[in-house]
Amino acid sequence: SLSGQTKKTWEKTRDKNSINEYKNFIERFPKGKYTGLAQKYLDSLEYLSVKEKNSIESIESYITQHPNSSYIPEANRQLDRLFFLNTKSEGSIDSYESFLVRHKNSLYTSQVNQSLDSLYFINARNSGTTQAYEEFLQKRKFSKYSNEVNHLLDSLYFIKAETECTIEAYSSFIEQRKGSLYSSEANDRLNSLLMERSWKEALKINDIQGYETFIRNYPDSKFIQLAKTRKNDLEKQKNEFGQLIKSGNLQNLKNFCAR
């Protein structure tokens, strides 16, 4: 009978267990009792063949030709792994960036990002410039190196402010690097420069009000005693001049003005 013939053919096909035998069986009995099993075994053998080749080309070809295979998930995982290994072997920023674009749902996304972090950080550190570190923070906002990079930026910006050693430089540092480890020191340097500028202005004006303002604003200044002395001298001169005006002695007044 046809059923008996089909069974015998199926048993022979199973004994031979090859891709070609299963293909021939399916072609001969496209709607037979054992066709589903034949297709299942065929899928298994074809995937094992592809798996042994272990190449991107063979797996991509298998996925294209067998879109409904039960091995598609496993084939995709293997393909993902091969792409990752190739990318890792190349080991460049461009290759890792390309991997992330092409394989958005990859199992290796985390590892690729870690590798990118390291490469970008090494490049920034080798450059050692503020621009390189700023670019790193822009590109790798959630990097594990962010704190370290910020500390390095702090150091570079503070060195720059130290080199310029101006009110503007320290003011800019304090404004731009809020929370910096160098904030306290920068504030001290800024206050020192502001104090020196105020002292020079007080000397230039050389009046009682100017020294009083300086004494009030900078009570702990290294110039505080000198400021008090000059203020006292000016007050004495003012009092002496007032007394001379009241006395009406023109000669003494001339002598005072000539001093």
Side-chain angles (χ1 to χ4, degrees), residues 18-20 22-23 39-161 163 172-173 175-183:
S18 71
I19 290 175
N20 285 336
Y22 288 124
K23 283 183 176 180
Q39 186 62 57
K40 180 180 177 181
Y41 289 126
L42 175 61
D43 282 351
S44 177
L45 289 179
E46 286 184 327
Y47 180 66
L48 285 175
S49 174
V50 167
K51 191 174 181 180
E52 287 174 0
K53 291 178 183 178
N54 199 37
S55 71
I56 290 174
E57 293 77 11
S58 61
I59 297 174
E60 285 184 328
S61 177
Y62 176 85
I63 291 171
T64 301
Q65 294 175 17
H66 304 82
N68 300 316
S69 168
S70 60
Y71 293 96
I72 290 297
E74 185 178 346
N76 277 319
R77 287 193 294 271
Q78 187 179 4
L79 187 62
D80 189 28
R81 179 175 176 275
L82 289 175
F83 274 120
F84 171 69
L85 291 175
N86 282 1
T87 300
K88 187 177 180 181
S89 176
E90 186 173 339
S92 68
I93 287 177
D94 286 344
S95 65
Y96 284 122
E97 292 284 12
S98 177
F99 180 91
L100 291 177
V101 171
R102 295 179 182 178
H103 308 279
K104 297 184 185 298
N105 299 315
S106 171
L107 296 173
Y108 301 94
T109 297
S110 177
Q111 292 183 54
V112 169
N113 270 312
Q114 288 175 14
S115 297
L116 271 175
D117 257 3
S118 296
L119 289 174
Y120 273 117
F121 178 67
I122 290 169
N123 283 358
R125 190 173 56 186
N126 287 341
S127 175
T129 64
T130 55
Q131 181 180 348
Y133 288 127
E134 292 286 9
E135 288 177 355
F136 175 88
L137 292 176
Q138 290 176 3
K139 292 177 180 178
R140 311 298 300 171
K141 292 181 180 179
F142 305 105
S143 167
K144 66 178 181 179
Y145 298 103
S146 292
N147 286 338
E148 187 173 352
V149 169
N150 268 310
H151 291 159
L152 290 168
L153 271 174
D154 270 356
S155 179
L156 289 175
Y157 278 120
F158 184 68
I159 290 171
K160 181 176 181 290
T163 302
S172 177
F173 175 85
E175 177 63 26
Q176 293 177 9
R177 306 300 299 174
K178 289 181 173 64
S180 166
L181 295 174
Y182 299 96
S183 291

CG of Asp80 to OG1 of Thr109, rounded to nearest 0.5 Å, is 7.5 Å
Identify the heavy atoms of His103 and Phe83 that sit nearest to each other, and give their distance. CE1-CD1, 3.3 Å
Tell me if the centroids of the rings in Tyr41 and Tyr22 come within less than 6.0 Å of each other. yes
On a heavy-atom basis, which atom in Gly128 and which in Leu156 lie closest, and how many Å separate them? O-CD1, 3.6 Å
Answer whether the closest heavy-atom distance between the side chains of Gln114 and Lys144 falls below 4.5 Å. no
May I ask you to test the Ile59-Asn76 pair for a side-chain heavy-atom distance under 4.5 Å? no
Looking only at heavy atoms, which two atoms of Ser69 and Tyr62 are closest? And how far apart? OG-OH, 2.7 Å
With a cut-off of 6.0 Å (strictly less than), are more than 12 heavy atoms of other residues, nucleotides or ligands near CG of Asn105? no
Would you check if Gln78 and Asn54 make a side-chain contact, meaning some heavy-atom pair closer than 4.5 Å? yes
If you measure only the distance, is there a donor-acceptor pair under 3.5 Å linking the side chains of Tyr145 and Ser118? yes
Measure the spacing between CG of Asp117 and OH of Tyr96 and express it to the nearest 0.5 Å. 12.0 Å
Heavy atoms only: give me the nearest Ala124-Phe136 pair and the separation to one decimal. CB-CB, 4.2 Å
Chi angles and distances behind the side chain to side chain contact (heavy atoms under 4.5 Å, CB included) call for Glu134, Thr129: CA-CA 9 Å; Glu134 292 286 9; Thr129 64; over 6 Å; no
How far does CG of Leu48 sit from OG of Ser44, to the nearest 0.5 angstrom? 4.5 Å
Under 6.0 Å between ring centres, would you say that holds for Phe173 and Phe158? yes
With rounding to the nearest 0.5 Å, note down the distance linking OH in Tyr71 to CZ in Arg77. 12.0 Å
Min side-chain heavy-atom separation Tyr182-Arg177 under 4.5 Å: no
OG (Ser70) and CG (Asp43) are apart, to the nearest 0.5 Å, by 6.0 Å
Determine, for Glu46 against Lys23, whether the closest basic-nitrogen to carboxylate-oxygen distance falls under 4.0 angstrom. yes
Tell me, with the steps shown, if Lys88 and Tyr108 meet side chain to side chain contact (heavy atoms under 4.5 Å, CB included). CA-CA 11 Å; Lys88 187 177 180 181; Tyr108 301 94; over 6 Å; no
Heavy atoms of Asp154 and Leu181 approach each other most closely as OD2-N, 3.6 Å
Check: Leu153 and Tyr157 side chains under 4.5 Å, non-hydrogen atoms: yes
Could you tell me if Thr64 and Ser61 have a donor-acceptor pair between their side chains, going purely by distance under 3.5 Å? no
Can you tell me if Asn86 and Glu90 form a side-chain donor-acceptor pair at under 3.5 Å? no
Do Leu82 and Ser55 have side chains that approach each other closer than 4.5 Å (heavy atoms only, starting at C-beta)? no
Indicate whether any N or O donor in one side chain lies under 3.5 Å from an N or O acceptor in the other, for Ser98 and Ser95. no
Which pair of non-hydrogen atoms, one from Ile63 and one from Ala75, has the smallest distance, and what is that distance? CG1-CB, 3.9 Å
Phe99 and Phe84 aromatic ring geometry - parallel, tilted or perpendicular at 30°/60° bounds: perpendicular
Heavy-atom distance under 4.5 Å between the side chains of Asn123 and Ser127, does that happen here? no
Would you say that Glu135 contacts Gln131 through its side chain, given a criterion of any heavy-atom pair below 4.5 Å between the two side chains? yes
